[in-house]
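Given the structure is predicted, the values throughout are model-derived calculations rather than measurements.
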Number of protein chains: 2
Amino acid sequence: MDPAVSPSPVAVDLVVFAVTDGDLKVLLVRRQAPPFRGTWALPGDAVDLGDMGRRSGEDLRAAAQRVFRTHTGLARDSAWLQQLLAFGRSGRDPRGRVITVAWWSLIRPELLSLIGTRNQMEWFSIGEEVPWMRLALDHAEILAAGADALRARVEQPDVLFELVPQSFTVAEIQAAESAILDRTTDARNFRRRFQRWIDAGLVEQAPGKRHLGRSRPAKVWRPTCRVPGHPEDRSAG
Amino acid sequence: MDPAVSPSPVAVDLVVFAVTDGDLKVLLVRRQAPPFRGTWALPGDAVDLGDMGRRSGEDLRAAAQRVFRTHTGLARDSAWLQQLLAFGRSGRDPRGRVITVAWWSLIRPELLSLIGTRNQMEWFSIGEEVPWMRLALDHAEILAAGADALRARVEQPDVLFELVPQSFTVAEIQAAESAILDRTTDARNFRRRFQRWIDAGLVEQAPGKRHLGRSRPAKVWRPTCRVPGHPEDRSAG
DNA sequence: AGAATAGTGTCTATCAGACATTATTTG
DNA sequence: CAAATAATGTCTGATAGACACTATTCT
């Protein structure tokens, strides 16, 4: 197939977030094929639409999960994926007319080590390092929309839970929020909100404690058991 | 062209809202062509993708505007349109694999008379009348998502402004909010919020008063002049 | 005067931001 | 005990819900 022509008019692109070292990071990959070969881009791929009848092709969510697995090596089940928006400006892709459905995804810090630095990919700190001006296609625009969506929803505990370890201390989850919003909340006020999450039954204490250095050990918490992960949103496929 | 085969793998569908008679209504059209001929559906159409290279086709937003104009007869400029989500479950369309990008739209009550009851279309009250179980394709799902999006954003004055006349009384805009949320807010508490909109410079008094029956006339308000209408969101097309 | 709707004010609970203090561990 | 981080509590201002009264018009 001619690599300069898109194999499908519909694609998916992922804005994959993680929090490490107190920074909100996004996963970018170096494009292996033209156009924009060698430039940083969001992980994405064409959606297999089938052949307009007989072969049924893959669902949008399945395509997003496939891209997630291809680039991270993680099981598709461990992917928290939510649809963002469709981007389809005529002329956004030099290969032809391609509509892309963008998704945002969250990865826990514990899983990052499993990903490693394989292939041509890298985590970029949203605040500083992202080479915004040099992203392929309209990916800068998509990434900005993804960051907006994340920031808009980070107040909801369930989003935050996907960006910290399965069990966490109050300080850890607060640090995650700070990284996303890029501002420090007062620890005491944050704890008060956290207390409400406890009262509402959103979190429960996990066994064990955690302590670093020579200080008082912190209690460990976890989200109260729901079915693990995966928001079932309407845009499922 | 074979009407049983979709002309394009990408479509747009519109969830068009209006408030009349104290009810939140949505515009449905009777499908003229198979499949689902004769059933109620959201207004929508295939997106012209061009020919994958030479002809550039139309932007997603342009397609949504075109559908808006086709079905309402209103100028595309008067369309408040915001992207909702893409729906692309394999098998959602019996004609083949079609991804649809859904938009939600708001129409002021003053414009409703211009639309009339042309063609095969009708306004249905969300609460009661919508024949949910009998909508074509996955339009019930799309409509539900659209209603959710509207309810989630109705607290923001700018959304509410698009569902009332260009100039309105406090009672009128409160009635619109009540219709959308399907619950009555206390008039005095609503007025207090409205006072804050005045203080923030979101609304200003318009000339004239309005009075019905034998009661005290009400002041008339309007949004402070911004460029008329049209949210410029990132998903522009 | 009476009916009807417009507009203003009060009391209270909840929540966010700013800020001080006590508690528990290691060295 | 000193250092370091965990955890709790107080004061204040903004906002939402419940509720009572005054104002202006028409009949």
Side-chain angles (χ1 to χ4, degrees), chain A residues 21-22 151-160 164-165 167-222, chain B residues 21-22 151-160 164-165 167-222:
Chain A
D21 310 317
R151 278 189 287 262
R153 294 206 31 197
V154 75
E155 306 255 331
Q156 295 171 293
D158 54 315
V159 170
L160 223 36
V164 294
S167 67
F168 50 85
T169 67
V170 177
E172 282 166 359
I173 200 167
Q174 195 211 332
E177 194 193 62
S178 294
I180 296 163
L181 297 178
D182 196 26
R183 58 181 163 84
T184 30
T185 321
D186 182 275
R188 294 160 293 191
N189 294 336
F190 185 88
R191 286 189 122 81
R192 180 176 41 194
R193 268 171 56 206
F194 192 85
Q195 182 61 48
R196 276 192 218 103
W197 299 351
I198 300 171
D199 296 343
L202 293 175
V203 289
E204 61 188 4
Q205 199 170 349
K209 301 222 171 189
R210 194 168 303 174
H211 73 129
L212 309 136
R214 51 184 172 176
S215 75
R216 175 177 174 176
K219 289 179 183 171
V220 178
W221 303 87
R222 64 177 167 219
Chain B
D21 310 317
R151 278 189 285 262
R153 295 205 31 196
V154 75
E155 306 255 331
Q156 296 170 294
D158 53 316
V159 171
L160 222 37
V164 294
S167 67
F168 51 85
T169 67
V170 178
E172 281 165 359
I173 200 168
Q174 194 210 332
E177 194 194 61
S178 294
I180 296 163
L181 297 177
D182 197 25
R183 59 180 163 85
T184 30
T185 321
D186 183 274
R188 295 160 291 191
N189 293 336
F190 185 88
R191 287 189 120 81
R192 180 177 41 194
R193 268 171 56 207
F194 192 84
Q195 182 62 47
R196 274 196 279 276
W197 298 352
I198 299 171
D199 296 344
L202 294 175
V203 289
E204 61 188 4
Q205 199 169 350
K209 300 221 171 191
R210 194 169 303 173
H211 74 130
L212 309 136
R214 51 183 170 177
S215 77
R216 175 177 175 176
K219 289 179 183 170
V220 178
W221 303 86
R222 66 177 167 220

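Looking at every heavy atom in both residues, B/Val203 comes nearest to B/Ile198 through CG2-CG1, 3.6 Å.
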Which protein N or O atoms sit under 3.5 Å from an N or O of nucleotides 25-27 of chain D?
| unit_1 | atom_1 | unit_2 | atom_2 | d |
| --- | --- | --- | --- | --- |
| D/dT25 | O2 | B/Arg214 | O | 2.9 |

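For B/Arg191, the side-chain hydrogen bond (donor to acceptor under 3.5 Å, both in side chains) criterion is met by no residue, not counting sequence neighbours. Every residue two or more places apart in sequence or in another chain that forms a side-chain hydrogen bond (donor to acceptor under 3.5 Å, both in side chains) with B/Gln195 is listed here: B/Asp199. When the side-chain hydrogen bond (donor to acceptor under 3.5 Å, both in side chains) test is applied to B/Arg222, the partners found at least two apart in sequence or on another chain are B/Glu204. Applying the side-chain hydrogen bond (donor to acceptor under 3.5 Å, both in side chains) criterion to A/Arg153, with sequence neighbours excluded, gives A/Gln156. For A/Asn189, the side chain to side chain contact (heavy atoms under 4.5 Å, CB included) partners two or more places apart in sequence, or in a different chain, are A/Asp186, A/Arg192.
The OG atom of A/Ser178 sits 5.0 Å away from atom CD of A/Gln174, with the distance rounded to the nearest 0.5 Å.
Residue pairs meeting the salt bridge (charged side-chain N to carboxylate O under 4.0 Å, His left out) criterion with at least one member in residues 173-184 of chain A, sequence neighbours excluded, are A/Glu177-A/Arg193. Applying the salt bridge (charged side-chain N to carboxylate O under 4.0 Å, His left out) rule to pairs touching residues 207-217 of chain A yields A/Glu172-A/Arg210, sequence neighbours excluded.
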Quiz item: How does protein contact run along nucleotides 15-21 of chain C, one letter per nucleotide 5' to 3', with B for base contact, S for sugar-phosphate only, - for none, heavy atoms under 4.0 Å?
Solution: SBBBBB-
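Taking atom NZ of A/Lys219 as the reference point, atom C1' of D/dA7 lies 8 Å away to the nearest angstrom.
Within residues 167-175 of chain A, no residue has any heavy atom under 4.0 Å from DNA chain C.
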